[in-house]
Number of protein chains: 2
Amino acid sequence: MTKTVGRPPRSETDVLEFRKKVSRHAMALYRDEGFEAVSMRRLSKAVGCAPTTLYAHFQGKTEILMLLWADILAEMTQYVQENLKRTTEPTERLKAAALAFVGYWIDHPDHFRLVFMSNDVGRSDVDSFIETGDVQGSFQIFADLVGDLNPKRIDVKFRTDALVAGMIGVALCSITIRNYTWPTVSMMTGQLIAGVTAAPQKSH
Amino acid sequence: MTKTVGRPPRSETDVLEFRKKVSRHAMALYRDEGFEAVSMRRLSKAVGCAPTTLYAHFQGKTEILMLLWADILAEMTQYVQENLKRTTEPTERLKAAALAFVGYWIDHPDHFRLVFMSNDVGRSDVDSFIETGDVQGSFQIFADLVGDLNPKRIDVKFRTDALVAGMIGVALCSITIRNYTWPTVSMMTGQLIAGVTAAPQKSH
DNA sequence: ATATTATTCAATACGCGTTCCAAATATTTC
DNA sequence: GAAATATTTGGAACGCGTATTGAATAATAT
């Protein structure tokens, strides 16, 4: 409102522009040279600013890594969609999607780490304003499949979320606890789906 | 067989002794001062050796952190056992155990990170000879509960593993993706259990 | 132009995981 | 003792995430 003397703060568009630039370079670094190439020093060099400047725009590396989520989640979603069996049989479709989902992460453990293991566990007081829309979007496909499976649309939201969390767990376990003899991904995934298709929970 | 001249390699007992010593100090550091206190430099100081010596006995920090798994898993198992409802109703017992399991990790995110998020994802070529017995042991309680639930003991092993992986996924999601509005832990866990109690999978 | 304010910058620092290397030490056989 | 071998050590180095600080620079109102 009131005009003040001196240089004005960053304009909204400037902020977004810079964030977009950082995002682009971080993505390029990650795609071309892998996870470890995305360091604050190298990234700042690519962007063309001082390392400290990054900290004026982001509260830490974690927030920058989140810029890469959207791309990976989009790629994963596309992969899942390609692997949808051409059946109309709902259970078959859901199973195919689930297998593709878990398979994608197991085939790309670096991507998995980026999305699910790069948060600062413990420091939950920091208000990280992530674009949760990305996450929501990539889960939507499963919500649809679960919905198709259950025309009455009972408990679709939390059945879907439980399935997704379960699949992420299967991926995590398969990736990180490698010397334990886990059942096949197919078997464990089938088990999760059995839960989704089960009768509604009695809310007591 | 043939005696060779010169100093012999470390004796088996010496190796074990040193590993035990490192384990003790790592544990003390972690319990007393938290995750970030367990650094190679501080740990070596506590042990009383040079930092580089640790690398002669372990292939990296990850292998040292694994020494802490057993303790945490034991504590978690005990917590689960304490929270077993006094019911004999199998489903109730399993549900109580599952809720305790997930709750433990959510209440101790640092422990969760230590056990499930400190592996070097991607470097799977390294043959990490972890004591998988620890993991096996802490899952056994669930195998028992699942077995009680299903007297015919059909698919107990992979039903249990799927449940455990699912619960770990629920914990991971609740811990790391905090701004997404997940259903309650109770609801998601109930969903997983529904899968365990479902009819056997048709193996096709 | 000048004062004022916001932002960027370079430099420095800390501790981190990890690697390399030459010097020192320990333990054995001869 | 000497020679041989295994291990430990200290020191330095690299790049890392992050924080601080004071100087430089940019953009505005007057």
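Bear in mind the structure is a predicted one, so any value in this text is a computation, not a measurement.
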Any side-chain N or O of A/Thr52 below 4.0 angstrom from OP1/OP2 of C/dC9? no

Contacts of B/Thr53 and A/Val38 projected onto DNA chain D by closest heavy atom; the upstream (5') one is B/Thr53

May I ask you to test the B/Phe116-A/Ile177 pair for a side-chain heavy-atom distance under 4.5 Å? yes

Which residues in residues 20-32 of chain B have a heavy atom closer than 4.0 Å to any atom of DNA chain D? none

Intra- and inter-strand pairs of DNA chain D in dot-bracket (Watson-Crick or G-U wobble, both distances under 3.5 Å; | for another strand): ||||||||||||||||||||||||||||||

Nearest-nucleotide check on DNA chain C, A/Arg41 vs B/Tyr55; residue mapping nearer the 5' end is A/Arg41

A/Arg19 with A/Glu63: basic N within carboxylate O range, under 4.0 Å: yes

Short N-O contact, A/Arg31 and A/Glu75, less than 4.0 angstrom: yes

A/Thr13/A/Ser11 under side-chain hydrogen bond (donor to acceptor under 3.5 Å, both in side chains): CA gap, chis, key distance, verdict: CA-CA 5 Å; A/Thr13 67; A/Ser11 79; 3.1 Å; yes

Under the 6.0 Å and 45° cation-pi test, does A/Lys61 pair with A/Phe35? yes

Please pick, from C/dT8, D/dA4, D/dT9, the nucleotide with the shortest atom-to-atom distance to any side-chain atom of B/Val5. D/dA4

When the ring centroid of B/Phe101 is compared with that of B/Tyr79, is the distance short of 6.0 Å? no

Flag the pair B/Tyr104 / B/Phe112 as yes when their ring centroid distance falls below 6.0 Å, and as no otherwise. no

